[in-house]
Amino acid sequence: MSRLPQAPGLVAQDGYFVVHAPRQTGKTTALRALAAELTASGRYAALYFSCEFGEAAGDDYRAAERSILQEIRDRADATLPESLRPPPWPDLSAENPLRCALSAWARTRPRPLVLFFDEIDAAARVEPDRRAAAVPGRVQRAAGVVPLLRA
């Protein structure tokens with residue numbers, strides 16, 4: 001965590017932060033390492049994932065959210081112990097499937113979730129008036145999600 005020394009304190013405070021730096025400077029590597037360390041600490045279920053897969057859906061906002069949820073599922077299956085992985089997603093045809101799925105995950109896991117959204121600018125394709133609700137910064141805190149965003 002030497003590259004992001006203040007991050008654990010922000011996580012402990014239920015805070016969020018943005019890591020912004022030029023390309024190829026180690027942002028992704030640092031966030032992946034931080035997610036692994038936070039999970040290994042036994043206090044959090046931390047997951048790094050990319051939102052860039054949602055960009056391919058174009059203006060189909062629900063398809064973009066479903067793509068991001070698939071990336072979350074794939075990353076969780078690859079990096080988290082089974083007890084910390086998300087449950088089956090709720091109805092993805094519902095309004096705001098990303099928020100609903102992440103809320104369901106937060107309610108069913110034994111540890112708070114720490115989510116690192118990489119390439120969050122790809123989520124700009126999400127309908128503007130739904131963006132704040134789709135990306136769980138303001139709405140998920142009560143459900144135990146600590147949103148940590150990377151531009």
Side-chain angles (χ1 to χ4, degrees), residues 1-55 61-62 64-92 94 96-126 130-151:
M1 285 195 256
S2 62
R3 298 207 51 183
L4 300 169
Q6 296 174 330
L10 291 169
V11 171
Q13 297 170 20
D14 291 342
Y16 62 93
F17 59 90
V18 175
V19 176
H20 184 71
R23 293 180 50 77
Q24 303 297 311
T25 57
K27 298 178 298 290
T28 296
T29 301
L31 290 173
R32 284 182 177 171
L34 179 57
E37 288 182 37
L38 290 170
T39 298
S41 76
R43 295 180 56 204
Y44 305 100
L47 184 69
Y48 160 90
F49 59 92
S50 176
C51 295
E52 68 185 329
F53 296 99
E55 191 171 20
Y61 308 119
R62 287 208 176 106
E65 290 183 37
R66 287 191 303 270
S67 293
I68 293 168
L69 284 169
Q70 186 59 52
E71 169 67 0
I72 291 169
R73 164 86 51 214
D74 293 346
R75 288 286 182 166
D77 287 350
T79 62
L80 292 175
E82 190 170 341
S83 65
L84 300 178
R85 294 177 191 161
W89 298 134
D91 180 11
L92 296 183
N96 213 334
L98 184 60
R99 185 187 66 180
C100 292
L102 295 181
S103 293
W105 185 14
R107 284 191 303 271
T108 61
R109 296 307 97 178
R111 302 180 193 175
L113 296 177
V114 179
L115 302 175
F116 295 99
F117 293 75
D118 196 3
E119 302 295 338
I120 191 67
D121 52 323
R125 302 287 261 152
V126 175
R130 292 182 42 196
R131 192 175 306 141
V135 178
R138 299 171 189 93
V139 297
Q140 296 296 355
R141 192 165 311 233
V145 175
V146 179
L148 301 178
L149 310 176
R150 177 190 167 261

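These figures come from a predicted structure and were not determined experimentally.
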How many angstroms lie between atom [atom1] of [X] and atom [atom2] of [Y], to the nearest 0.5 angstrom?
| X | Y | atom1 | atom2 | value |
| --- | --- | --- | --- | --- |
| Leu102 | Trp89 | CG | CH2 | 5.5 Å |
| Lys27 | His20 | NZ | NE2 | 8.0 Å |
| Leu31 | Ser50 | CG | OG | 11.5 Å |

With sequence neighbours excluded, what pairs up with [X] under the side chain to side chain contact (heavy atoms under 4.5 Å, CB included) test?
| X | value |
| --- | --- |
| Thr29 | none |
| Ala36 | none |
| Pro81 | Thr39, Ser83, Leu84 |

Report yes if some heavy atom in the side chain of Tyr48 is under 4.5 Å from a heavy atom in the side chain of Leu34; otherwise report no.
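A side-chain contact under 4.5 Å is absent here.
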Can you name the nearest heavy-atom pair linking [X] to [Y], along with the distance?
| X | Y | answer |
| --- | --- | --- |
| Arg109 | Arg85 | NH1-O, 2.9 Å |
| Ala46 | Ala35 | CB-O, 3.3 Å |
| Gly26 | Arg3 | CA-NH1, 3.4 Å |
| Pro5 | Pro8 | O-CD, 3.6 Å |
| Pro97 | Leu69 | O-CD1, 3.7 Å |
| Tyr44 | Ala12 | OH-CA, 3.4 Å |

Would a line drawn from the ring center of Phe49 to the ring center of Phe116 be shorter than 6.0 Å?
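No: the rings miss the under 6.0 Å criterion.
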Judged by atom type as modelled, is there a donor-acceptor pair below 3.5 Å linking the side chain of Glu65 to the main-chain atoms of Leu98?
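Answer holds: yes.
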With sequence neighbours excluded, give me every side chain to side chain donor-acceptor pair (under 3.5 Å) pair touching residues 70-79.
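Output for this query lists Gln70-Asp74, Glu71-Arg75.
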